[in-house]
Amino acid sequence: MTETRRPRAVIADDESHIRTLMKTALTSMNCEVVAEASNGAEALDAYREYKPDLMLLDINMPVTNGEEALAGILAEFPKAFVIMLTSVSDADTVHRCLEQGAAFYIRKDTPIKEIKQLIRESWSNR
Amino acid sequence: MNKPPLPLADSQTVLCVDDTPANLDVLWRTLEPRGYRIQVAPSGEAALKLLENAPPPDLILMDVMMPGIDGYETCRRLKSGERTRDIPVLFVTARNQPEDIVQAFEAGGVDYIPKPFRQEEVCARVAAHIGIERLRRELREQNSALEELSEQKSRFVGMAAHDLRNPLISIRGFAELLLDSEDELPAAERRRLLQTIERVSGDMLGLINDMLDVTTIESGKLELSMASSSLKQLIEERLKIFENIAHRKQIALDAELGETGRRMLDGARIIQVFDNLLSNAIKFSPENTRIKISLAQDAESDLVTVADEGPGISEQEQERLFEAFEKLSARPTGGESSTGLGLAIAKKMIEGHGGSLEVYSVLGEGASFSFRLPREINHDGN
């Protein structure tokens, strides 16, 4: 990412170790992780508060899931750049999220190097 | 002989279908004295009508030649009905040409009794076919129970695999980050990643241990090593260990431990249960709250209670609370992990002691978990 300002990111996942992992990956790409959320409702709140350049949004989360959070975010911020984090079992939901307007999706079991590459590519194609 | 048969609990019902009253009478006199309950229908149509609503009989004796639809057709219709297809149908008929017999079997009959018949033969065949059908029913029931069990196992394996997968993703990811970063990562950051690997792999180990416990319990191989112990002493020791963890979340542990004397129990298993209840209470309690731990005794049993001031558990969720892999809507307040197996295991451990584990909670008003251990234990080891 080559912008002069570091892109600001929010990570939403209910598992803290996954957040730590994604945070470390994003930080190493010169992103600034400004907030973390552990459920869909927190994700929407964090988006409203920080209006980040980039959000990593897990699908399978408690309270409200990632799909619902995505709908809420896009309703208020149609240009939001949201990448869904998924497991293998979320195929249908992933499809719906992309139709709704998610920028991209990344399977969590993708090696970090590839995750970084995918984020870079979808960021430059945004 | 014409008085209505007593509805004995274990008596079997035979439906006799025949248009000749004299034939029905013979069958009645043959079977009724041997304890069968007899129903009669004077035609195929009448039999079908009767069976629309009545509970299905255990067996049907069917004449072939009747006005209206004949016995073969009646049988075919019964065999195509969901409720009636499993009732064994025996044809009783004077038509005894080989092609008649073949037709009887083709229509779905299980047997063929030529008229005139000997009473003993009718009784023997009726008893044999009722026995076969009962065994078939038992097999069907066992089969569907096994199918259900197998589905449960698949779900269990699926959920376990899912819960083991994400921690592994993290561990591999952290290893990759550490390998790639060479010395770019600050030491503090490296340390944090290594600590996360340690914590996450510890959680995985915990989950695998829990799964092994569940497997042991389900295969009926949970063996308790009972020994004389003091519940009070045991709880006091655990409280010392949990004091620090609770303190970190500003949670006060209030213990009211009555003197209950020594009793037989499996110390390691009771500790496991107590630890589970107390660590759950700490996990789901907000900071600056209290957890009450009490030990009391009544005439028959010792009662241990752990009551927190956390979010409580709704009635609907209480029903699922003790099932494997049920994680409810309340989340750990300090980022702790949970496998969703602890309470399912705890319940089995307590039941192995002949006791019971119960929850009392109103949503928003904390949760109280109690286990009761009878002082006289008739445990069967599982």
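- A/Leu21 pairs with exactly one of B/Leu193, B/Val200, B/Leu177 by the side-chain contact (heavy atoms from CB on, under 4.5 Å) rule, that one being B/Leu177.
- For B/Leu168, no part lies under 4.5 angstrom from a heavy atom of chain A.
- In this structure, the side chain of B/Glu176 engages the main chain of A/Lys113 through a donor-acceptor pair within 3.5 Å.
- Side-chain contact between B/Phe174 and A/Thr20 is present, with heavy atoms from C-beta onward closer than 4.5 Å.
- Between the side chains of B/Ser170 and A/Arg19, no donor-acceptor pair of N or O atoms lies under 3.5 Å.
- Within a 6.0 Å radius of CD in B/Gln195, other residues, nucleotides and ligands contribute more than 12 heavy atoms.
- Among residues two or more places apart in sequence or in another chain, the side-chain contact (heavy atoms from CB on, under 4.5 Å) test is passed with B/Ala252 by B/Asp254, B/Arg290.
- Chain B forms more heavy-atom pairs under 4.5 Å with one residue of A/Asn39, A/Asp109, A/Thr27 than with any other, namely A/Asp109.
- No more than 12 heavy-atom neighbours from other residues, nucleotides or ligands sit within 6.0 angstrom of CZ on B/Arg191.
- When each of B/Glu189, B/Arg192, B/Arg172 is scored by its heavy-atom pairs under 4.5 Å with chain A, the top score falls to B/Arg172.
- A/Asp53 is linked by a side-chain contact (heavy atoms from CB on, under 4.5 Å) to A/Arg5, A/Pro7, A/Arg8, A/Trp123, counting only residues two or more places apart in sequence or in another chain.
- At least one side-chain heavy atom of A/His17 sits less than 4.5 Å from a side-chain heavy atom of B/Asn166.
- Other residues, nucleotides and ligands contribute over 12 non-hydrogen atoms within 6.0 Å of the CZ atom of B/Phe274.
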